[in-house]
Amino acid sequence: MKITGIETFLVPPRWMFCRVRTDEGVVGWGEPIVEGRAEVVRAAVHVLAEYLIGRDPLRVEDHWQVMANGGFYRGGPVLSSALAGLDQALWDIAGKTYGVPVHALLGGHVRDRVRVYSWVGGDEPAELADGIGARLAAGFTAIKMNATGRMPALATPADLAGVVERVALARELLGPARDLALDFHGRVSAADARRILPLVAQFQPMFAEEPVLPDRPHLLPGVVAASGVPIATGERLYSRWDFRPVLEAGVAVVQPDLSHAGGISETRRIAALAEVWDAKLAPHCPLGPLALAASLQVAFATPNFLIQEQSIGLHYNEGADLLDYVADPAVFRFTDGYVARPEAPGLGVEIDEAAVRRADQAGHAWRNPVWRHEDGGPAEW
């Protein structure tokens, strides 16, 4: 079997899919994307496609090594994300060729269902009650919220009180039997993280995500030491080498993104590395159906998996949603906050190709907001 063609599709609200076809009619799908930089990743996918065309798609590991390490310049979000989507598609082809789901090729499932959580935003306290109420009505047992909105260079007492007020409200609405995760989004300084985390520890968050920016792992040991809340990070890290220093710093949860961190192949290695430090895997996934499907395949085969993010109903998704591109939405049916093990071959999701091609005709040019402080200086979004 040989790869005969690779196509890419820009699909709203902010995603990109790739389709890898073969001369035997087996087709694989993947989701290579950097949100806000889709056009750049698209070009990188087609550069990597020059190598893949004409080759056997079942040599997944060999192709991963060449695409990741065959160039003198390597790594970074664009190349790693292009590689990630193609890696997903090759695993999809492998599963379809052998007639089994990808998790069977990864050693078989270690659980029968996977717990998922849902986003509720949280930049404004008024959003929380309605958002949490809707997620509870849908059966979710865990939610994640932004711990803060825009933050100054150093928080005022009022800023600190505002964070505590939002977290307290969320815990009151959720009660003691459900889980609450906080996302700092790199919006606070390390000094403020050390102040805020002890204040919210009383509400027992499942984890606090990205309390410092990902390019500052040297600050994590101090934050971890100051916090009674488990620390999570990793959505902006792209390889097992990126994850080593944060694991050494003592983070409790690693969050590689299957569409950024080298796909299924590299995320499996990151998860195994995390076991050495007794850390859990909670893949980042505010993305589309292929990224979620790939994440679930890894989750079912990974012993130290914790919980899975998913983007159905996510506040960023305006004008289109994950299920718009799926032929059978039942594969993503959540019951009591869990999703059942997919049994279809490959990634386990059937893409509505006609819907994807229609969406690509419109495309998108999504860009993340640019925030500024009150004095006009740039702020972290």
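Computed from a predicted structure; not experimentally measured.
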Quiz item: If you draw the axis of the six-membered ring of Trp64, does the NZ or CZ of Arg269 fall within 45° of it and under 6.0 Å from the ring centre?
Solution: yes
Show the atom names and distances, to 0.1 Å, of all donor-acceptor pairs under 3.5 Å that link a side chain in residues 326-349 to residues at least two apart or in another chain.
residue: Asp328; atom: OD1; partner: Ala330; partner atom: N; Å: 3.1

Self-check item: Ionic contact status for Arg55 with Asp62, cut-off 4.0 Å
Solution: no
Which residues satisfy the side chain to side chain donor-acceptor pair (under 3.5 Å) test with [X], sequence neighbours excluded?
X: Arg240; value: Glu266
X: Arg195; value: Asp192
X: Asn69; value: Gln65

List the atom pairs, with distances to 0.1 Å, where a side-chain N or O of residues 32-42 and a protein N or O form a donor-acceptor pair under 3.5 Å, not counting sequence neighbours.
residue: Glu35; atom: OE1; partner: His260; partner atom: NE2; Å: 2.9
residue: Glu39; atom: OE2; partner: Arg367; partner atom: NH2; Å: 3.2
residue: Arg42; atom: NE; partner: Thr8; partner atom: OG1; Å: 2.8
residue: Arg42; atom: NH2; partner: Thr8; partner atom: O; Å: 2.8
residue: Arg42; atom: NH2; partner: Asp360; partner atom: OD1; Å: 3.3

Quiz item: Do Trp277 and Val251 come close enough that some side-chain heavy atom pair is under 4.5 Å?
Solution: no
Quiz item: With sequence neighbours left out, which residue pairs that include part of residues 224-236 fulfil the salt bridge (charged side-chain N to carboxylate O under 4.0 Å, His left out) condition?
Solution: Glu210-Arg236
Exercise. Output every pair passing salt bridge (charged side-chain N to carboxylate O under 4.0 Å, His left out) with a member in residues 78-99, not counting sequence neighbours, ordered by first then second residue.
Key: Asp92-Lys96
Quiz item: Under 3.5 Å, is there a donor-acceptor pair between the side chain of Glu31 and the main chain of Gly288?
Solution: yes
Exercise. Return yes if some donor-acceptor pair links the side-chain N/O of Glu309 with the main-chain N/O of Cys285 below 3.5 Å, else return no.
Key: yes
Practice problem: Kindly write out the residues that satisfy salt bridge (Lys or Arg N to Asp or Glu O under 4.0 Å) with Glu353, not counting sequence neighbours, or none if the list is empty. | Solution: Arg19, Arg357
Quiz item: Does Gln204 CD have over 12 foreign heavy atoms under 6.0 Å away?
Solution: no
Quiz item: Does a sphere of radius 6.0 Å around CG in Asp278 hold more than 12 heavy atoms from other residues, nucleotides or ligands, not counting ones at 6.0 Å or beyond?
Solution: no
Quiz prompt | His185: ring-ring contact (aromatic ring centres under 6.0 Å, His included) partners, not counting sequence neighbours | solution = Trp381
Self-check item: Pairs touching residues 128-140 that satisfy side chain to side chain donor-acceptor pair (under 3.5 Å), sequence neighbours left out
Solution: Ser118-Arg135
Quiz item: What residues, two or more places apart in sequence or in another chain, satisfy side chain to side chain contact (heavy atoms under 4.5 Å, CB included) together with Asp215?
Solution: Leu213
Self-check item: Set of residues satisfying side chain to side chain contact (heavy atoms under 4.5 Å, CB included) with respect to Leu173, sequence neighbours excluded
Solution: Ala129, Ile132, Leu169
